[in-house]
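Values in this document were obtained by computation on a predicted structure and should not be read as measured data. Remember, it's 1-based here, ligands and their atoms both numbered in the order they're listed.
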Amino acid sequence: MKSNLTQNLSSTYLTLPSVLYREAFIEPLEGAHYIAHNPQLLESMHLAWDEAHMVALCNGTIKPQGIAMAYAGHQFGYFVPQLGDGRALHLGTHRGVHLQIKGAGRTYFSRNGDGKAVLRSSIREYLASQAMLGLGIASTDALALIGSVHPVRRESIERGAIVLRAARSWIRFGSFEYLNAHGHPEVMRTLARRVIEESYPHLLESSDPYYALLDAIIERTALMIAQWQGVGFVHGVMNTDNFSIAGDTIDYGPYAFMDGFDKNYVCNHTDTEGRYSYANQPMVAQWNIDKLAIALSPLLEYSRGQTLARSFMPRFHTMYETVMRAKLGLEIAHEEDGALVRWLLGILHKERIDWNVFWYRLSHYAGDRSALMEIVIDREALGAWMDSYDVRLTLESRPPQERLAAMQKTNPKYILKNYMLQEVIDAATQGDFSLVWQLQALAQRPFDAHPDMERYAHPTPLEYRHFELSCSS
Ligand code: AMP
Ligand code: MG
């Protein structure tokens, strides 16, 4: 039996100690209207679809209040003791999924912000979270996207929008940093228990639960970052408040799925030092894990926490090797594989070769190199690498057809490049939302052929490459 979300919807976070949240009220948007929804997620949550009902829910007509969570965070290296949901409001928990509206208006934690989100950034978040899940990478999800005619001031006047986000957890590294900074060790214990119940139930019986928890967070985070690197995803704002305790990708801002491969790529133009560049992501994740281990020191002896935290990088490396081997179609591990990957990345980086197109074409390579050679200038360099790759393939025991089939399940045909998102945003700004739906289908099933969208499987048109984004959203 499918149901509607009603005014009885309540957040299980309300049963946490009250220092962790504040009551918040939805500030309705003028002229709120439906843009898109996610049938797949609705289905898995056993929810009925009713467009008008969903708009009313997001805009405060059905249930005007919810809660905003408190958290702290290291932003670009600097500790901010209080951040919190400045524009997100938790509506309630349904079948273990926490529903949150982003862009709902001002909360206790808004500081100087207006509590709003604009259409362009809401479209980007709505589609990216689904794309991440479509790629098999842990992420928050999105249930619906609502537009409005509500004026919102950014660099210019834009329109307000709301994403109804969904996640198995919204607890952040910064949630623990908040409790540590404000001296709440008992609340921290309660929160850690809740995180275990909610996101790591297999640890419930552990004799050393907080150690086991940090260990499991490290494991999931290492996998997430390895997978980001594999698909060429750059998060852009890897502050500890944007790191999920459940190891999910959260808070999509000025992110990018890379066009041409540039290991030093920075997608957020306000990040002038390149702190959150593609190549830095694993090191930043290690840095964030270190901060989490410090924050957990009331529960976990400091030196044990620090020693455990240091296991992040070796674990990341192992997972990264596994990810890259799978991309190359290698089933058997050989010591020289790392060198083969580095050699290839050097070639791709030098020419800024389209990351996704290269891997997609490699996943169809059965002796004829022309499709790959077509996208490089220095054919000699790639040819030498391909000779080595051919030799390496002879060490594999899996039949070539099976190898290619496996590669095609790990190298997507489509990724959500920024220029594609910009096309959707431009059309949506003119009132045409059909591309949102089309890209949603692509995002959810990036390994499928989608013949009607073939143009997105080509290298990014030159005029769109390295298109810059800011944090303003
Ligand atoms: P972000 O970088 O988007 O994850 O946001 C960092 C912090 O700023 C979080 O505490 C947000 O809730 C807050 N924030 C961002 N934009 C706004 C806004 N327009 N109004 C209020 N708070 C905001
Ligand atoms: Mg954030």
If you count the atoms of ligand 1 from 1 in the order shown, which ones are under 4.0 Å from a heavy atom of [X]?
{"X": "Arg111", "result": "7 (C), 8 (O), 10 (O), 13 (C)"}
{"X": "Arg154", "result": "19 (N)"}
{"X": "Asp251", "result": "4 (O)"}
{"X": "Gln75", "result": "6 (C)"}

Are any of the side-chain nitrogens in Asp215 or Arg220 under 4.0 Å away from the carboxylate oxygens of its partner?
->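 Here Asp215 does not pair with Arg220 in a salt bridge, since their nearest N and O are not under 4.0 Å apart.
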Close approach of Ser110 to ligand 1, heavy atoms, under 4.0 angstrom |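 Contact present.
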Please determine if [X] has a nitrogen or oxygen closer than 3.5 Å to a nitrogen or oxygen of ligand 1.
{"X": "Val237", "result": "no"}
{"X": "Asp114", "result": "yes"}
{"X": "Asp85", "result": "no"}
{"X": "Gly86", "result": "yes"}
{"X": "Lys102", "result": "no"}
{"X": "Gly115", "result": "yes"}

Would the Trp355 and His349 ring centres measure less than 6.0 Å apart?
->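 That pair fails the under 6.0 Å test.
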Are Tyr276 and His235 close enough that their ring centers fall under 6.0 Å?
-> no
Any donor-acceptor N/O pair, Asn411 side chain to Lys327 backbone, under 3.5 Å = yes
Donor-acceptor contact present, side-chain Thr190 to main-chain Glu186, <3.5 Å =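 Present.
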Within-2.8 Å protein N/O/S contacts of the Mg ion (ligand 2) = Asn242 OD1, Asp251 OD2
For atom 17 (C) of ligand 1, which candidate among Arg172, Arg87, Arg153 provides the closest heavy atom?
-> Arg87
Stepwise, does the salt bridge (charged side-chain N to carboxylate O under 4.0 Å, His left out) test hold for Arg153 with Glu158?
-> CA-CA 6 Å; Arg153 182 177 290 280; Glu158 301 188 44; over 6 Å; no
